[in-house]
Amino acid sequence: MPGEGVSFIAHGHILRYEEIVRIAGIFARLGIRKVRITGGEPLVRKGLPFLFEKLGRISGIDELTLTTNGTLLAPVTGRLGDAGVKRVNISLDSLENACYRLITGFDRLRDVHEGIDKAIEAGMAVKLNVVAMRGINDGEFVSFVRFAIDRSIDVRFIELMRGRYNGDFVRDRFLSSEEVYRRLCGEFTLIPVSPSYGSTTEKSYSVSGTAVRVGLISGVSDPFCGRCNKVRLMSQGVLKTCLFDTGGINLRDMLRGGLSEEEIEEKIKKAVEGRSEGPAQGKNPEGPGESELVMHRTGG
Ligand code: SF4
């Protein structure tokens, strides 16, 4: 998020839950099997478990997951579990109070811990998403793996990506997956394994002697565009076939404009067929140009 704050979008411009469910139904007919709700922070939206309940009833969708910062998770884990959410990714870049506060601007680390514990209690598979940042959390990688071992959860380290607001930051703080791997190898024996849940974007390792997996996501140093199979639906209805798409068709306008679901299906097919693959300026922290990527709107 930019430090000076963000401009809010008028409520009427945002997809209603019924619209999201209709669009998910169209995608299910096109062969999509997995839906992840991400953000911004998805749990700030009222009644999110209700959306999962509706999505869980769509024929063809067999996996529902959530990416959250974890601060609002604890009170809703029971309902999310009942709605069929079996996995949750929690974005957490520091385990130390002062560093967490520096990164997020909030004092909510205890709430995140509670969210993690409750999700585990509710039987969900928990994965921590840690963005590796030089000079900020690079002293904590080993602690993150120990934290994961103590709770039998997974952890993955993600390379910083350049977006519209963070060019200088990325230049100073970028740390490659290779370096994260080297540091972890000083403490643990990492055995390469196939990525869990068919992930096409991470290199996975099991930590010898434990049930824990460590993932490395190297979107910058070793791009995986050729294996990427995700599409994203933005809160205002824009379909992005790549994180770096600057355009995209608007499915909300099509629904509200009265297009039939078959017509929308055709538009989606065309957009996916014409998909571009990760423009270089978004992938190279040293490279020229400004990426249009705005993570607090696009989600992970
Ligand atoms: S840049 Fe686009 S195509 Fe490449 S991995 Fe990211 S979303 Fe997929």
Side-chain angles (χ1 to χ4, degrees), residues 15 20 23-24 27 30-42 63 65-68 87 89 91 93 127 129-133 154 156-167 169-171 173-178 180-181 194-204 214-251 267-300:
L15 285 168
I20 297 175
I23 292 171
F27 274 108
L30 285 167
I32 293 283
R33 298 286 164 256
K34 171 174 161 185
V35 175
R36 169 181 301 282
I37 303 293
T38 172
E41 169 47 44
E63 201 180 328
T65 61
L66 169 73
T67 296
T68 169
R87 296 197 291 122
N89 287 2
S91 307
D93 297 330
K127 191 183 275 182
N129 282 346
V130 184
V131 177
M133 292 174 277
D154 292 341
R156 59 188 189 173
F157 297 93
I158 302 170
E159 286 180 347
L160 256 180
M161 288 182 98
R162 187 173 174 181
R164 189 192 291 174
Y165 297 107
N166 67 355
F169 183 83
V170 172
R171 234 180 339 267
R173 303 297 181 183
F174 179 80
L175 199 135
S176 71
S177 292
E178 205 184 321
V180 175
Y181 176 80
S194 350
S196 46
Y197 308 105
S199 168
T200 55
T201 54
E202 73 176 50
K203 280 188 188 147
S204 279
V214 171
L216 298 175
I217 311 247
S218 319
V220 175
S221 67
D222 182 16
F224 37 73
C225 298
R227 305 189 301 278
C228 169
N229 60 2
K230 295 176 186 172
V231 292
R232 292 171 171 78
L233 179 65
M234 309 275 283
S235 61
Q236 296 184 78
V238 172
L239 177 71
K240 277 181 175 262
T241 56
C242 167
L243 204 50
F244 293 96
D245 262 0
T246 45
I249 55 173
N250 192 315
L251 304 184
K267 302 266 186 204
I268 293 173
K269 275 191 205 162
K270 244 197 207 121
V272 171
E273 278 161 15
R275 152 190 195 136
S276 60
E277 290 191 351
Q281 77 269 20
K283 305 208 123 305
N284 180 0
E286 301 300 335
E290 272 287 279
S291 165
E292 281 305 301
L293 181 64
V294 180
M295 285 311 288
H296 66 270
R297 288 207 203 111
T298 308

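Counting starts at 1 for both ligands and their atoms, in listed order.
Qualifying ring-ring contact (aromatic ring centres under 6.0 Å, His included) partners for Phe27, counting only residues two or more places apart in sequence or in other chains: none. Taking Asp93 as the reference, nothing meets the side-chain hydrogen bond (donor to acceptor under 3.5 Å, both in side chains) condition, with sequence neighbours excluded.
In the vicinity of Arg275, heavy-atom distances shorter than 4.0 Å reach the ligand 1 atoms 3 (S), 8 (Fe). Heavy-atom contacts of Phe224 reach the following atoms of ligand 1: 5 (S) (cutoff under 4.0 Å).
Between the side chain of Asn250 and the backbone N or O of Gln236, at least one donor-acceptor pair lies under 3.5 Å.
Contacts between Arg232 and ligand 1, counted as non-hydrogen atom pairs separated by less than 4.0 Å, involve the side chain only. Within the 4.0 Å heavy-atom criterion, neither part of Lys230 lies near ligand 1.
Salt bridge status for Arg227 with Glu202: absent, with no side-chain N to carboxylate O gap under 4.0 Å. Salt bridge status for Glu63 with Arg36: absent, with no side-chain N to carboxylate O gap under 4.0 Å.
Not one N, O or S atom of Cys225 sits under 2.8 Å from atom 2 (Fe) of ligand 1.
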